Number of protein chains: 2
Amino acid sequence: MDVDPFSFAVAADLVVLTIRERVLHVLLVERGIEPAVGMWALPGGFVLPEEDAEATAYRELAEETGVTAGVHLEQVRTYSAPDRDPRGRVVTVAWLALAPDLGEPSAGSDARSARWWPVSDVESGALSLAFDHVAIFGDALERARAKLEYSALATAFCPPEFTIAQLRAVYEAVWGVPVDPRNFHRKITGTPGFVEPTGEVVRDGGRPAQLFRRGPVSQLQPPFTRPEH
Amino acid sequence: MDVDPFSFAVAADLVVLTIRERVLHVLLVERGIEPAVGMWALPGGFVLPEEDAEATAYRELAEETGVTAGVHLEQVRTYSAPDRDPRGRVVTVAWLALAPDLGEPSAGSDARSARWWPVSDVESGALSLAFDHVAIFGDALERARAKLEYSALATAFCPPEFTIAQLRAVYEAVWGVPVDPRNFHRKITGTPGFVEPTGEVVRDGGRPAQLFRRGPVSQLQPPFTRPEH
DNA sequence: ACAATAGTGTCTATGAGACATTATACG
DNA sequence: CGTATAATGTCTCATAGACACTATTGT
């Protein structure tokens, strides 16, 4: 026998995205323990002996935000560079979580604080992250942007009932580009199963808007592509 | 401190696909050591202390096929169910590899034999796999099928120089559906940067076909969608 | 009335898909 | 010559994108 292979730690790190005041935000925690104390990082933690990585992701999500219901969670990819964590061989499974606006987060036990940051602050490099978390963040963000095109994922950013305009605001916030309201409305309502009308309307200083909930369809065929991609 | 988190093994498992005689095949090994001796499984192995998971995948690929150059390798996802391996907590990172027809594989040290199997034998359930390898295989196969639509991945199944008909055979083998030769030709040659003509031709009992090599473009815009998806 | 937002209609350019036609080899 | 495969052309229908227009509220 060469070497004991059972000497790795496995972690789950989360890229939690939400939309606050029409701007895409990511949840970050200020680290309260070594290593990288005081730096901002993705929320996450070690996989426990009886857990799979998805359970770890849900647990960490609940610790930081207080909720798991109604949140979309999907695996992005795994990062395993030998030197990515100074504590030793820590392999991390990255998860993308999309949530409706959740309010202020609560810092976990090993964090000094937690807050929502505009993704542009991280993308621009104005805010640097611990470990390889910038790369993880970038991969997850691109996944979210790409998936809006061919899936019904955008509804994951909305409350259970929403208007077409709210859904359009999701696309505009995630892609960072304006979307034509008329064509968007035709596209969405013309895709059977994407959204279903509730019959209710909501009033807000103009013609009342129909309320919808997400429909059974998860794949958009044909896709709704972002401009100049 | 609760529990030592450094008690996991991390493995890399490979779904290696190739096309042999117009049929999509997957590389499988017959296990020669416990557990699951005698069962067919995906090739793979443990990540070593100084490696990242990608290096492990390349190493295993070289051991089984003898080559790594010219092979497309990409991460699929990670499987971490606590009971997925009877030896203990083994988390595996799955990789998708696409290769031109490579000839017969060689069994690694812990394998009794290795061979190419038609993917239909695994998909149909006629051949069952060890551990959770059927699920891994299914996820990787679907990834390959989906990526043909919006990327230039199909060229990874071809030798450095190929004809449009060869490339079309890739789509037909992976998707399992016929593709119209005329529309395919127009679509491929009409997408700038997908393939580049070498100027050479190849003769095979009809009008000679132009040879092409892959171009710099990796994303297909607009995509080439499979029928009735 | 006017402003504001929701929702519909119309036009055009582009691409997919079906399929005819031409081009260039071999026997 | 016929047969086989490569490559191009033509037609139709569906959809994206641009944008005019109508509908229904609040002030």
Side-chain angles (χ1 to χ4, degrees), chain A residues 21-22 148-151 154 158 161-172 175 177-213 217 219-229, chain B residues 22 148-152 154 158 161-172 175 177-213 217 219-229:
Chain A
E21 282 147 19
R22 310 183 78 85
L148 283 205
E149 296 194 19
Y150 60 90
S151 80
C158 296
E161 305 201 340
F162 51 87
T163 66
I164 301 293
Q166 277 180 276
L167 191 63
R168 179 165 50 85
V170 169
Y171 280 86
E172 294 186 327
W175 287 347
V177 296
V179 173
D180 185 279
R182 289 83 53 94
N183 293 334
F184 184 80
H185 193 282
R186 253 193 312 108
K187 173 73 183 178
I188 299 303
T189 56
T191 301
F194 188 177
V195 295
E196 293 172 340
T198 65
E200 309 271 312
V201 295
V202 66
R203 259 160 271 266
D204 184 35
R207 174 174 171 176
Q210 296 266 120
L211 276 175
F212 295 83
R213 56 178 146 259
V217 167
Q219 298 290 310
L220 253 57
Q221 190 60 16
F224 180 61
T225 49
R226 46 187 151 163
E228 60 125 2
H229 174 35
Chain B
R22 308 184 81 84
L148 283 204
E149 296 193 18
Y150 60 89
S151 80
C158 296
E161 304 200 341
F162 52 87
T163 66
I164 301 293
Q166 276 180 276
L167 190 63
R168 180 165 50 83
V170 169
Y171 279 86
E172 294 185 328
W175 287 346
V177 296
V179 173
D180 185 279
R182 289 80 54 93
N183 293 335
F184 184 79
H185 194 281
R186 253 194 313 108
K187 173 73 184 179
I188 299 303
T189 56
T191 302
F194 188 176
V195 295
E196 292 172 340
T198 66
E200 309 271 314
V201 295
V202 66
R203 259 159 270 265
D204 184 32
R207 174 174 170 177
Q210 296 266 119
L211 276 175
F212 294 83
R213 56 178 146 257
V217 166
Q219 298 290 309
L220 252 57
Q221 189 61 17
F224 180 60
T225 51
R226 44 187 153 163
E228 60 124 3
H229 173 37

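All values below come from the heavy atoms of this structure, side chains included, with hydrogens, waters and symmetry mates left out. Note that this is a predicted model, so its numbers are computed, not measured. Here is how names work: the chains are called A, B, and so on, in the same order as the sequence lines, proteins then strands, and each is numbered from 1.
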Residue whose nearest DNA chain C nucleotide is more 5′ - A:Thr189 or A:Gly205: A:Gly205
Point-to-point distance, once rounded to the nearest 0.5 Å, from CG of B:Leu167 to CG of B:Leu148: 9.0 Å
Where protein sits on nucleotides 11-19 of chain D, one letter per nucleotide: B base, S sugar-phosphate only, - none, heavy atoms under 4.0 Å: -----SBBB
Output field: ring centroids A:Tyr171/A:Phe184 closer than 6.0 Å: yes
Pairs satisfying side-chain hydrogen bond (donor to acceptor under 3.5 Å, both in side chains), at least one member in residues 184-206 of chain B, at least two apart: B:Asn183-B:Arg186
Separation of D:dT25 P from A:Arg207 CZ (nearest whole Å): 8 Å
Non-neighbouring partners of B:Ala169 that pass side chain to side chain contact (heavy atoms under 4.5 Å, CB included), sequence neighbours left out: B:Arg22
Heavy-atom contact window of chain A on DNA chain C, given 5' to 3' at under 4.0 Å: C:dA4 to C:dT10
Spacing of A:Arg203 atom CZ relative to D:dA23 atom P, expressed in whole Å: 18 Å
Set of ring pair (Phe, Tyr, Trp, His ring centres under 6.0 Å) partners for A:Tyr150, sequence neighbours left out: none
Side chain to side chain contact (heavy atoms under 4.5 Å, CB included) against B:Pro181, all qualifying residues, sequence neighbours excluded: B:Arg168
Integer-rounded Å distance: D:dT22 C1' and A:His185 NE2: 13 Å
For A:Arg207, salt bridge (charged side-chain N to carboxylate O under 4.0 Å, His left out) partners two or more places apart: none
Listed partners of A:Arg182 passing side chain to side chain donor-acceptor pair (under 3.5 Å), at least two apart: A:Asp180
